[in-house]
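Report on the structure given below.
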2 protein chains.
Amino acid sequence: MSMSAPPLQRRPATIKDVARELDISVATVSRAMSKPHLLRPATVARVREAVERLGYRPNLVAQNLKLGSTRIIYVVVPAMSLFFFDVFRGIERAALEQGYSVVAAHTGRDPVREGEYFDQVACGRADGVLLVSSARLETRPPHQHQYPPTVSVLEVDEGREFPSVRVDHVAAAAMATNHLIELGHRRIAHISGNALAPMAEHRRRGFLQAMAAAGLSTEYCVPGEFSPEAGQAAMEILLARAVRPTAVFASSDEIAVGAIRAIKAAGLSVPGDISVMGYEDQRLSRIYDPQISTVHIPTFDLGYQAMTKLRRILAREPYEHDVLLPTHIVVRATTAAPKQA
Amino acid sequence: MSMSAPPLQRRPATIKDVARELDISVATVSRAMSKPHLLRPATVARVREAVERLGYRPNLVAQNLKLGSTRIIYVVVPAMSLFFFDVFRGIERAALEQGYSVVAAHTGRDPVREGEYFDQVACGRADGVLLVSSARLETRPPHQHQYPPTVSVLEVDEGREFPSVRVDHVAAAAMATNHLIELGHRRIAHISGNALAPMAEHRRRGFLQAMAAAGLSTEYCVPGEFSPEAGQAAMEILLARAVRPTAVFASSDEIAVGAIRAIKAAGLSVPGDISVMGYEDQRLSRIYDPQISTVHIPTFDLGYQAMTKLRRILAREPYEHDVLLPTHIVVRATTAAPKQA
DNA sequence: TTGAAAGCGTTACCAC
DNA sequence: GTGGTAACGCTTTCAA
């Protein structure tokens, strides 16, 4: 095995090196870089040449320290799923337009790591955070001291009450449940998402409300996780019941995929024997065979508007605290009226 | 619409505030934070209390400037796909163990943005970069001055020759093609990935080599992109041929999904009429119905080992320049012998 | 065990 | 137009 020696890394050139090289002051070099209109064009040209020759790049860390701003935004995401990355795309677009850089900080739904990223930003690493959903309040470690400018995306953050751009998951989940009820279903199951995710809780709540309003039993409500595997396992449990449900509202499209697998594996058909409703309208729900009926969440816009709001906050412009975006149902091939009404 | 006023943000406490509060020197406060063993326990306790009370957090930017290190790694990813995020998970795990923070920087396969992230790191924003695949050489803007410590993951970066941890995509793609050949297929198609992605090019090359070695025609090799939509469109073109292929090697699982959709839509069956081979072994290939035969790429290990290597480089320890990890074929439900041999 | 002060690489104010 | 220099918030050497 051939080992390489560590590469010799010469010290990067600083503003002083450039100034010394040209026998001018560092102030002039600095101005040539950021405010060239204040200088004689000839001077700017000389500096540019020397900068090129020495390979000088301004040290961003020093710049940040002096300026007190980084123009970086941390996007804190609980998990790496395509759903969250659709939100991220919207954020990225807005950031690009507004002169910010964004980086994604992944927490794996761990409140401790979430706290660490908040700390980094509070300590000057970035100007603000976009919190894409988050951990449950009760699982969080006690009292962070002071939060950096933050906007919640996709979901309110109960307890901290950050400004938000979100959808009403309770209402949207109720809407999905009502779609099933209106088709004529009475025994409707729900497979929920991760116990720690507030979004999962809110979707479950919407299901319970809609069922209660229709006077239906909620005995088919089972816990799950945001993954096809968990969806499949939960559905298998549901199928083992003496009296099976005729429809299931899954807390996400991924869960729906798992549920459909389980139903097919049991020799039943979708939606012939059992209807399946997803949530999120991920690309997966359009691609899957059969295509999945689901609830559309305007992920891109959510991200775009959240970043825009954060910019306003940082610029100390007025903003609306809580912004709600609309959702709607997308009926595809996995929901239909029950066989025997 | 109710507008909130900008929140009044009091200046965060600095080390000086704490020192003044206790009438001690900033040096002592600094030591109490990072080298408490050098101080009288009573002093440390007093400082701790004041820090708590004032809500002081050391400014990381200032710390970084002084120390010349951030302990942050930028993970530069070309696209937000689950495939890349499996790699990211491995990186994260290693970083956690080794005391680094990682953030994901997304380029959307844009060489300009890739360059910007490199610049940020070269200017001190992070200690190094993990380049997960990258843009093609010819599409890159000319001469960046000096690269920060970088490790290529998943693929070599031709032209810049960073140390790497990767797989041999040419060999792996040839392996996949040979699987189809060994099953008895002769008219084998290939749908390739994004033209700008080196990985797509290498997989295509592997296909061409294997076909040439078997003396088979490569007339069914068509361009595509790493998405189900592109896979579907490409497959439709292939199906319109006078003589159809009996098997197709897709450059990714996502492309395979699209191809399968097109085949089914044409009233044909997989693998009865046409076999489909994927690549990457994403979770999708296990979840899809039918489950997709594919090439397994050890994404997690790739990420883990790349981060470990980068740590060695930063610590100026010796390391192996180019590390190759093995791949293998996973035969599932989409490949079989052709109908009429 | 603690304090004074230099210095990390910038920017911006105040002179000239 | 350009230069000198203080300051951003921290760590660390040197002295005491």
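Lettering of chains follows the sequences in order, A, B, ..., and the numbering in each one begins at 1.
Ring pair B/Tyr304/B/Phe300 is parallel by interplanar angle, where below 30° counts as parallel and above 60° as perpendicular. Using the six-membered ring where Trp is involved, A/Phe162 and A/Phe118 have ring planes that are parallel, under 30° apart on the 30 and 60° scheme.
If you take CG of A/Leu22 and C1' of D/dG1, they are 16 Å apart, rounded to a whole angstrom. Counting to the nearest Å, the C1' atom of C/dT2 and the CG atom of B/Asp23 are 13 Å from each other. In this structure, CG of A/Asn64 is placed 12 Å from C1' of C/dT11, rounded to the nearest angstrom. Atom pair B/Leu65:CG and C/dT11:C1' shows a separation of 13 Å (rounding to whole Å applied). Straight-line distance from the CG atom of B/Asn59 to the P atom of C/dC8: 18 Å, rounded to whole Å. Regarding B/Ile24, its CD1 atom lies at a distance of 12 Å from the C1' atom of C/dT1, rounded to whole Å. The NZ atom of B/Lys16 sits 16 Å away from the P atom of C/dG3 (whole-angstrom rounding). For A/Gln63 and C/dC8, the CD to P distance is 18 Å, given to the nearest whole Å.
Cation-pi check for B/Arg71 over B/Tyr100 is met; the charged atom lies under 6.0 angstrom from the ring centroid and within 45 degrees of its normal.
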N/O-N/O pairs, protein side and nucleotides 12-16 of chain D side, under 3.5 Å:
residue	atom	partner	partner atom	Å
D/dT12	OP2	B/Lys35	NZ	2.9

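Judged by distance alone, the side chains of B/Ser134 and B/Glu155 never bring a donor and an acceptor atom under 3.5 Å apart. Looking only at atom types and distance, the side chain of B/Ser152 has no donor-acceptor partner in the side chain of B/Asp157 under 3.5 Å away.
Remark: B/Thr14 is not in phosphate contact with D/dC8, judged by side-chain N or O atoms under 4.0 Å from OP1 or OP2. A close approach under 4.0 Å does not occur between any side-chain nitrogen or oxygen of B/Thr43 and OP1 or OP2 of C/dT1.
Of the charged side-chain nitrogens involved, none lies within less than 4.0 Å of a carboxylate oxygen, so that A/Arg125 and A/Asp119 do not count as a salt-bridged pair.
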